[in-house]
Amino acid sequence: MSYFDAASAAPLHPVARQALMASLDEGWADPARLYKEGRRARLLLDAAREAAAEAVGCRPDELVFTPSGTAAVHTGIAGALAGRRRTGHHLIVSAVEHSSVLHAAEVHRDGGGTVTEVAVDRSGAVRPSEFAGALRPDTALACLQSANHEVGTLQPVAEAAGACRAAGVPLLVDAAQSLGWGPVEGGWSLLAASAHKWGGPSGVGLLAVRKGVRFAPQGPRDERESGRVPGFENLPAIVAAAASLRAVRAEAAQEAARLRELTDRIRARVPELVPDAEVVGDPERRLPGVVTFSCLYVDGETVLHELDRAGFSVSSGSSCTSSTLTPSHVLRAMGVLSEGNVRVSLPPGTEERDVERFLDVLPGVVAGVREKLGAPVSRTATVAGERDEALVVDALGRRCPIPVIELAKVIGDVPVGGLVRVLADDEAARLDIPAWCEMRGQEYVGEQPADRGAAYVVRRLS
């Protein structure tokens with residue numbers, strides 16, 4: 001079985017396993033106590049904090065450990081907003097932030113605050129000028145991920161941090177996906193990350209808050225973790241997380257070059273091997289091990305199941321997955337195809353032969369799913385002319401990718417210049433029909449109201 005979903009959770013690093021087992025024997029006592037066992041536990045905790053702070057690029061007393069990366073994000077956002085409540089209640093986030101950031105923003109909005117979502121370009125990156133333009137006198141906090149979790153695109157954190165610093169606004173960076181590859185550049189103010197993303201154990205996150213940042217921890221407090229994270233520290237997991245972070249950093253440069261070559265190979269060959277496939281995300285400014293692509297006329301959940309049967313564990317941002325019936329907010333913000341989306345995220349140590357086998361298997365999997373769904377075979381335009389009335393395709397009540405498949409089946413039945421009107425009530429159609437038009441060289445005229453759902457109008461150009 002080839003595990004290609006490291007962006008969700010990386011396999012436990014051997015160093016993390018060794019450190020975890022050792023600290024179960026040595027670090028079980030309360031590090032707040034003064035007796036021998038407590039002092040030993042405190043030494044382990046202090047050493048882990050120093051190692052993690054060195055990797056982050058902050059002082060040890062600026063870093064605390066949390067029960068997860070999500071908890072680190074929520075604690076950081078809530079504390080920074082509360083600490084700067086006299087400045088205002090305006091929060092800035094990018095449209096492609098991790099759901100933990102967007103959920104915190106939703107809570108802030110529900111509590112009376114204001115939120116600006118900065119749009120991204122088709123590669124998934126914010127434009128520094130637009131991020132800077134969102135800053136206001138009442139902005140309390142800005143948030144920007146270091147790298148996107150779905151498509152791997154790196155964000156211009158240094159430029160955003162410079163703009164925030166000039167405006168006197170703290171910047172919180174979600175570095176969950178990138179911290180294992182290196183420190184985050186730029187003058188950020190707060191940083192959150194999660195150990196299971198770099199090969200540490202699950203259940204450990206970290207939050208760094210620079211000195212001078214106004215921060216007011218929310219909720220009940222105790223004496224642990226500088227009063228920012230209550231509760232007994234999971235010391236064995238913390239020690240393992242810090243040890244594995246140091247270990248992966250030592251291997252990062254060599255492993256990044258190797259994985260980048262493998263993902264470059266996937267990026268280049270998928271469009272050659274699979275017709276009507278779109279590789280998304282920035283081709284250069286991206287994480288070394290992540291590559292994402294989408295395939296027309298494909299049920300994303302079925303593709304994942306078929307790849308699993310073939311021995312590959314991958315994930316998807318498609319709307320056609322068991323956990324959601326709406327398109328990924330990242331793909332939607334980028335304006336790219338969401339149907340048949342596959343994210344391949346290679347863990348360190350991935351072998352070339354496994355990638356080659358994946359490329360051998362993928363075309364047959366996609367072709368098989370398309371055949372089951374009755375996807376069309378590409379046709380050449382043979383008729384020219386105009387047609388006053390649009391051909392109507394009723395895809396109401398049918399989920400992706402069926403509305404696009406039905407559109408593709410009939411586009412050749414109208415003359416060049418003629419219209420097809422697709423009726424659909426699946427939210428994915430709003431994204432996937434325009435994306436299909438761009439990929440297939442047709443004109444997306446626009447969306448019109450309908451009794452149910454919406455009507456998506458397409459003009460045949462070829």
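In this text the structure is predicted, and so the values were computed from the model without any measurement.
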Using the rule given for side-chain contact (heavy atoms from CB on, under 4.5 Å), can you reason through Val151 versus Val290, listing the C-alpha separation, both sets of side-chain angles and the distance that settles it, and then say yes or no? CA-CA 7 Å; Val151 300; Val290 177; 5.9 Å; no

Verdict with supporting geometry, Ser8 and Arg343, side-chain hydrogen bond (donor to acceptor under 3.5 Å, both in side chains): CA-CA 10 Å; Ser8 293; Arg343 181 186 68 181; 2.8 Å; yes

Show your working on side-chain hydrogen bond (donor to acceptor under 3.5 Å, both in side chains) between Asp432 and Ser338 and close with a plain yes or no. CA-CA 6 Å; Asp432 289 347; Ser338 73; 2.8 Å; yes

side-chain contact (heavy atoms from CB on, under 4.5 Å) between Cys143 and Asp174, intermediate numbers included: CA-CA 8 Å; Cys143 300; Asp174 173 12; over 6 Å; no

Residues Glu37, Trp28; criterion side-chain contact (heavy atoms from CB on, under 4.5 Å); working and verdict: CA-CA 8 Å; Glu37 293 86 355; Trp28 51 268; 3.9 Å; yes

Any chance you could lay out the side-chain contact (heavy atoms from CB on, under 4.5 Å) test for Phe65 and Asn234, step after step, and finish with the verdict? CA-CA 9 Å; Phe65 293 105; Asn234 185 352; over 6 Å; no

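Looking only at side-chain heavy atoms (C-beta outward), Val274 and Arg370 come within less than 4.5 Å of each other. Using a 4.5 Å cut-off on side-chain heavy atoms (C-beta onward), His305 and Thr302 make no contact. At least one side-chain heavy atom of Val314 sits less than 4.5 Å from a side-chain heavy atom of Leu304. Side chains of Glu117 and Leu102 form a contact here, defined as non-hydrogen atoms less than 4.5 Å apart. You'll find the side chain of Leu190 reaches within 4.5 Å of the side chain of Pro170, heavy atoms only. Counting heavy atoms from C-beta on, the side chains of Tyr297 and Val404 come closer than 4.5 Å. Residues Val157 and Glu185 are not in side-chain contact: their nearest non-hydrogen atoms beyond the backbone lie 4.5 Å or more apart. Counting heavy atoms from C-beta on, the side chains of Pro401 and Leu296 never come closer than 4.5 Å.
Of all heavy-atom pairs between Val229 and Pro67, the closest is CG1-CD, 4.0 Å. Minimum heavy-atom separation, Ala29 to Ala41: O-CB, 3.5 Å. In this structure, Ala104 and Ile77 approach most closely via the heavy-atom pair CB-CD1, 3.7 Å. Across all their heavy atoms, Ser294 and Leu337 have their closest contact at OG-O, 2.9 Å. Across every non-hydrogen atom of Ala242 and Ala48, the tightest pair is CB-O, 3.5 Å. Residue Val336 comes nearest to Ala435 through the heavy atom pair C-CB, 4.1 Å, listed as atom of the first residue, atom of the second, then distance.
The backbone N or O of Ala71 sits less than 3.5 Å from a side-chain atom of Ser68, completing a donor-acceptor pair. Judged by distance alone, the side chain of Ser328 and the main-chain N or O of Val330 form a donor-acceptor pair under 3.5 Å. Looking only at distances, no side-chain donor or acceptor of Glu352 sits under 3.5 Å from a matching main-chain atom of Leu262. Under the 3.5 Å distance criterion, the side-chain polar atoms of Asp426 are matched with a main-chain donor or acceptor of Cys400. No donor-acceptor pair closer than 3.5 Å links the side chain of Trp188 to the backbone N or O of Arg210. Of the possible donor and acceptor atoms, one in the side chain of Lys197 sits under 3.5 Å from a partner among the backbone N and O of Ala7. With hydrogens and angles disregarded, a donor-acceptor distance shorter than 3.5 Å links the side chain of Arg249 to the backbone of Ala55. Without hydrogens or angle criteria, Asp276 side chain to Cys295 main chain gives no donor-acceptor distance under 3.5 Å. No donor-acceptor pair under 3.5 Å is formed between the side chain of Arg165 and the backbone N or O of Gly162. Of the possible polar contacts, none joining the Arg109 side chain to the Thr114 backbone as a donor-acceptor pair under 3.5 Å is found.
The aromatic rings of Phe4 and Phe312 are tilted relative to each other, their planes meeting at an angle between 30° and 60°.
Under the 3.5 Å distance criterion, with hydrogens and angles disregarded, a donor-acceptor pair is assigned to the side chains of Arg286 and Thr263. Using modelled atom types and a 3.5 Å distance limit, the side chains of Ser313 and Asp5 yield no donor-acceptor pair.
A distance of 5.5 Å separates CD1 in Ile266 from CG in Leu359, rounded to the nearest 0.5 Å. Atom CG of Leu81 sits about 5.0 Å away from atom NE2 of His108, to the nearest 0.5 Å. Between the CD atom in Gln155 and the CZ atom in Phe131 there is a gap of 9.0 Å [rounded to 0.5 Å]. In this structure, OG on Ser244 lies 7.5 Å from CG on Leu12, to the nearest 0.5 angstrom. In this structure, OG1 on Thr153 lies 12.0 Å from CZ on Arg122, to the nearest 0.5 angstrom. Distance check, rounded to the nearest 0.5 Å: OG of Ser315 to CD of Glu150 gives 8.0 Å.
Under 4.0 Å is where a charged nitrogen must lie from a carboxylate oxygen, and between Glu225 and Arg49 at least one such pair does. Ion pairing of Asp30 with Arg33 is present here, as a side-chain N (NZ or NE/NH1/NH2) and a carboxylate O approach within less than 4.0 Å. With respect to the salt-bridge test (charged N to carboxylate O, under 4.0 angstrom), the residues Glu356 and Arg269 qualify.
For Glu223, the CD atom sits in a packed shell: over 12 heavy atoms of surrounding residues, nucleotides or ligands are nearer than 6.0 Å. Counted within 6.0 Å of CZ on Arg136, heavy atoms from surrounding residues, nucleotides or ligands total more than 12; the atom is thus considered enclosed. No more than 12 heavy atoms of other residues, nucleotides or ligands shown are found within 6.0 angstrom of CZ on Arg214. Taking a 6.0 Å sphere around CZ of Arg17, one finds it holds 12 or fewer heavy atoms contributed by other residues, nucleotides or ligands.
Listed by chain and residue number, His149 satisfy the ring-ring contact (aromatic ring centres under 6.0 Å, His included) test with His98 (two or more places apart in sequence, or in another chain). Every residue was checked against the ring-ring contact (aromatic ring centres under 6.0 Å, His included) condition with Tyr3, not counting sequence neighbours, and none meets it.
The only member of Glu50, Glu54, Glu251 that meets salt bridge (Lys or Arg N to Asp or Glu O under 4.0 Å) when paired with Arg246 is Glu54.
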